Every structure is written in C-alpha cells, then in structure tokens.
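Just so we're clear, the structure is a prediction, and the values are computed from it rather than from any experiment.
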Amino acid sequence: MFEQIEMAPADAILGLTDAFKKDPNPNKINLGVGIYKDGDGGTPTLESVRKAEKRIFELGGTKTYLPIPGSPAFGEAVRTLLFGETHPVIQSRRACTAHTPGGTGALRVASDFIRRCFGPVPVWVCNPTWANHAAIFEAAGLSLKTYPYYNAEAKNLDFTGMLNALERAETGEVILLHACCHNPSGVDLNPDQWREAASLIKRRGLLPLVDFAYQGFGDGLDEDAAGVRLLCESVDEVLVCTSYSKNFGLYRERCGALTLVAASEDRAERAFSHVEKAIRANYSNPPAHGGEIVTTVLNDPELQGLWRNEVTEMRNRINGMRVLLVDTLKDLGVTQDFSFIKQQRGMFSFSGLSREQVAALRDQYAIYIVGSGRINVAGITETNVLPLCRAIVDIL
C-alpha cells in the first residue's frame, strides 16, 4: 500500500529551517521559524524554569497519568494569568481549562470540540494568519472563510474591511482572533477596536476562538491580555488557546491550554465534558512536566517575579531590535519608509519585501525569510543587524 504514496510537500516554515541548517555559509542568518533568540543568537532556558525544575526534581512524585484535562492547579494558574484574580470570569467560575500538548494541541482540541458539538461549521480566519491554522481546522472537519485583516499597502490593520466581512457571518459560526502579537503581521487591535469587535460578535451570535501564543511579548503580560478580558466581559461564550512555548521558553515540552468560557458555571461544566471526550479520543491525557513548571512558577511569588522580569527582558530585546533594524536601514541611506516595523508588536513583522527579494536574500546572502516577507524579529542581533541591513539595501 505504501508504495503508492508520494512524498508530501515540506512545511513552508519548518522546511526553511532544514534548508538553513544545510547551508554551509558561516554568515547565514535565520529569520524564519518563530523561536525566541537572545543577543547571542541562542534560545536559553529561563532561570525561573531552571529553579522550578530543580524544585520539582527534589520533591519527587509519581509518574502516573494526569486527569484528562490535566492538573486542576495548572488550570487555576492558567486562568489567573489569563484573566487576573478579579475578572468576572474568575469570580463567577464560568471557565474550565484543559492542559494540552502546546498551543497547537489546544487549537486541535477546540476544533474537535466544535465539530463534535456543532458540526462542520465555518471558521472565519483572518487574512493573513498563521499558516498552520487552516490545516488544523480542516483536519478536524471544519470549513474555512476569510476576513480581511492586514492592509499590505498601508502597512496597518484593515479594521473596516474586517468588520464589513464579519457582518456577513451567520449565527453559530466561529471567528478566529489573535489575542496579541499577530502572526505574521505584528499588527494588533487596540482596546477600542476590541470593544467594537466584541459588540459585533455578540450581535451576530458568533463563537470567538482566540489564539493567545505570545502573552507578554507585546506590551506586557496584563496589557496583552486586555483584548481577551474585554471580549469575555461582553460575550458569554469564548474559547481561548494559550501557549507557553514562547513566554516560558518551553518549546519542546509542548505545554499549552484550552480555556472554555460559558455564560454560567453549570453551562461551562456541561460543555467542558465534551472537551474531555475530544481529548480522550486524541491523546487521552497531557504530558506532565511542562505543566508542572508553569504551575510551580506561577504559584510561587519569588519565581513568578523572576519569570515576569525575564519576560520583560525578552520583550524589550525584541522591541529594541525593531528600532535597531529600522534605524540601521535609515543610516545606510534607505529612503523607503520602514518605520511601521517599530509600531508592530511581538516576534513577527511583515517586512514589505517581495517574494523575489526574499529569494535574492537567501540565494545571495544566506538570509532565510518566509516567502511572504515575514521576519522573526527575535532572530536579529546586534551582531547580524548590519550585514542583514546591507543585504536588504542591495536587493531593494
């Protein structure tokens, strides 16, 4: 049977990393895959994580299975970080959380839950969005619709186009939203736009599915959660998919969560029982280690304070590289306006480079960027920014 199968196409982003690894050029630069890099170009383990792991090891414990949705302590810690201690969702206990294998796993569980309870309803995804969103939703049997999001010419949010498109959405359809640090554009909704979007979602009877992969990488841990908190104050039912790959550096631990918000505690529990059924048919129960790290850090004031400082350092470095990139291009005599990169937030930015220019950077300078022109700003360092900018000047 297998002899009939043809080779599947390589993943557009992960395949780029494979090509980068094989490139013999000693001066090569990888601005493709979304992994945080420090000033030396490495991806360190956070000190708060090291201390939490040491504590977990010293305490010992069992290796038995976790419950289907993971540890209750993990769920409580996730919800507190997501909403804060005094948010109405917390006070009314109208949310339940499942520990999932990464943010990708959270999106798949959410998709399976939607398919199980509501059938093959459409999911409205923004254009552009993370390349894996469509694959996850379609694999779960959901169909796709798109709404405008990024204005490539103006280099900003097409909010009017977004609202106009969503006015055509029908009751019961799902809308995907990025909580902050939009991947791939780096352009986010402001608080007023979140309120207006929430009002439309409530009026049209849509189910929001929020992808929250970069809390703390935009403007701050609480600031980045402001949109989700506003949304959950206005809308009774929300699904929030969170990831701890970036802000805890737990990439290979695959630690994420799906939080289901309903109108009441009873409705949340009934709906969440179907989330558990979806998990049981998929991976049965989650891996423990990443969740233990997150729980340990968030439940210890000293470790949480250290972690918050580390997140601030990562965020400041990313935002600093945005400024350095734009200023270096200007110092080299570039007249094209790249100032929009300073205004964007998170690890990613649409650089404005064409596919032909991206190909030229790869072929001539061993600089690897996603074909759409999306760059991982966290891959820029004080060491590689000058050769990067000189190469960009050459291909403009």
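Between D266 and R270 there is a salt bridge, since at least one side-chain N of the basic residue sits less than 4.0 Å from a carboxylate O of the acidic one. With respect to E173 and R204, no salt bridge is recorded, no charged nitrogen being found less than 4.0 Å from a carboxylate O. Between E167 and R203, at least one side-chain N (NZ, or NE/NH1/NH2) sits under 4.0 Å from a carboxylate O, which counts as a salt bridge. Under the 4.0 Å criterion applied to side-chain N and carboxylate O atoms, D38 and R317 are not assigned as salt-bridge partners. Using a cut-off of 4.0 Å between Lys/Arg side-chain N and Asp/Glu carboxylate O, D327 and K330 are scored as not salt-bridged. Under a 4.0 Å N-O distance rule, the pair D394/R390 does not qualify as a salt bridge.
Within a 6.0 Å radius of NZ in K277, other residues, nucleotides and ligands contribute 12 heavy atoms or fewer. Counting non-hydrogen atoms of neighbouring residues, nucleotides and ligands closer than 6.0 angstrom, the NZ atom of K342 exceeds 12 such neighbours. Counting heavy atoms of neighbouring residues, nucleotides and ligands inside a 6.0 Å radius, atom CD of Q304 exceeds 12 of them. Counted within 6.0 Å of CD on E302, heavy atoms from surrounding residues, nucleotides or ligands total 12 or fewer; the atom is thus considered open. Applying the 6.0 Å contact sphere to CD of E153 captures no more than 12 heavy atoms from other residues, nucleotides or ligands. No more than 12 heavy atoms of other residues, nucleotides or ligands sit less than 6.0 Å from atom CZ of R252. Counted within 6.0 Å of CD on E382, heavy atoms from surrounding residues, nucleotides or ligands total 12 or fewer; the atom is thus considered open.
Distance check, rounded to the nearest 0.5 Å: CG of L200 to NZ of K202 gives 13.0 Å. From R345, atom CZ reaches atom OG of S185 across 13.0 Å, with rounding to the nearest 0.5 Å. In this structure, the separation between CZ on R229 and CD on E223 is 9.0 Å, given to the nearest 0.5 Å. Once rounded to the nearest 0.5 Å, the distance linking CG of L142 with CG of L176 reads 11.5 Å. To the nearest 0.5 Å, atom CZ of residue R374 and atom CG of residue N183 are 5.0 Å apart. With rounding to the nearest 0.5 angstrom, the CD1 atom of I375 is 5.0 Å from the OG atom of S349.
Here the side chains of S354 and Q357 are in contact, with some heavy-atom distance below 4.5 Å. Taking the side chain as every heavy atom from C-beta outward, F113 and L260 approach each other to under 4.5 Å. Put simply, the side chain of P184 does not reach to within 4.5 Å of the side chain of Y150, judged on heavy atoms. Side-chain atoms of V187 and F340, non-hydrogen and from C-beta on, never get closer than 4.5 Å to each other. Between L231 and L177, some side-chain heavy-atom pair lies under the 4.5 Å cut-off. Side chains of W130 and T104 form a contact here, defined as non-hydrogen atoms less than 4.5 Å apart.
Under the 3.5 Å distance criterion, with hydrogens and angles disregarded, no donor-acceptor pair is assigned to the side chains of R254 and T100.
Checked against ring pair (Phe, Tyr, Trp, His ring centres under 6.0 Å), F74 has the following partners two or more places apart in sequence or in another chain: H99.
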Do F20 and K28 pass the side chain to side chain contact (heavy atoms under 4.5 Å, CB included) test, and can you show the C-alpha distance, the side-chain angles, and the key distance before you say yes or no? CA-CA 8 Å; F20 172 82; K28 60 187 177 181; 3.3 Å; yes
side-chain hydrogen bond (donor to acceptor under 3.5 Å, both in side chains) evaluation trace for D23 with Y368: CA-CA 10 Å; D23 195 319; Y368 288 78; 2.5 Å; yes
I56 vs T296, side chain to side chain contact (heavy atoms under 4.5 Å, CB included): CA-CA, chis, key distance, verdict: CA-CA 8 Å; I56 293 166; T296 301; 3.8 Å; yes
Could you walk me through whether R93 and E265 pass the salt bridge (Lys or Arg N to Asp or Glu O under 4.0 Å) check? CA-CA 6 Å; R93 302 176 61 86; E265 182 178 1; 3.6 Å; yes
Under the side-chain hydrogen bond (donor to acceptor under 3.5 Å, both in side chains) rule, what do R116 and H274 come out as? Steps first, then yes or no, please. CA-CA 8 Å; R116 174 186 178 90; H274 292 275; 3.1 Å; yes
Give the C-alpha distance, both sets of side-chain angles, the deciding distance and a yes or no for salt bridge (Lys or Arg N to Asp or Glu O under 4.0 Å) between R55 and D300. CA-CA 11 Å; R55 187 176 303 178; D300 181 273; 3.1 Å; yes
For R79 and T97: C-alpha separation, side-chain torsions, deciding distance, then whether side-chain hydrogen bond (donor to acceptor under 3.5 Å, both in side chains) applies. CA-CA 7 Å; R79 291 191 295 276; T97 301; 3.1 Å; yes
Dump the intermediate steps for side-chain hydrogen bond (donor to acceptor under 3.5 Å, both in side chains) on S339 and D337, then the final yes or no. CA-CA 6 Å; S339 62; D337 184 13; 2.7 Å; yes
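Both L325 and Y365 belong to a single network of hydrophobic side chains, linked directly or stepwise wherever heavy atoms of I, L, V, M, F, W or Y lie under 4.5 Å apart.
Minimum heavy-atom separation, L206 to P208: O-CD, 3.5 Å. In plain terms, the two heavy atoms of F212 and D224 that are nearest each other are CZ-O, 3.5 Å.
In summary, the aromatic rings of F348 and H182 are positioned with their centroids too far apart to meet the 6.0 Å limit.
The aromatic rings of F248 and Y244 lie perpendicular to each other, with more than 60° between the two planes, well past the 30° mark.
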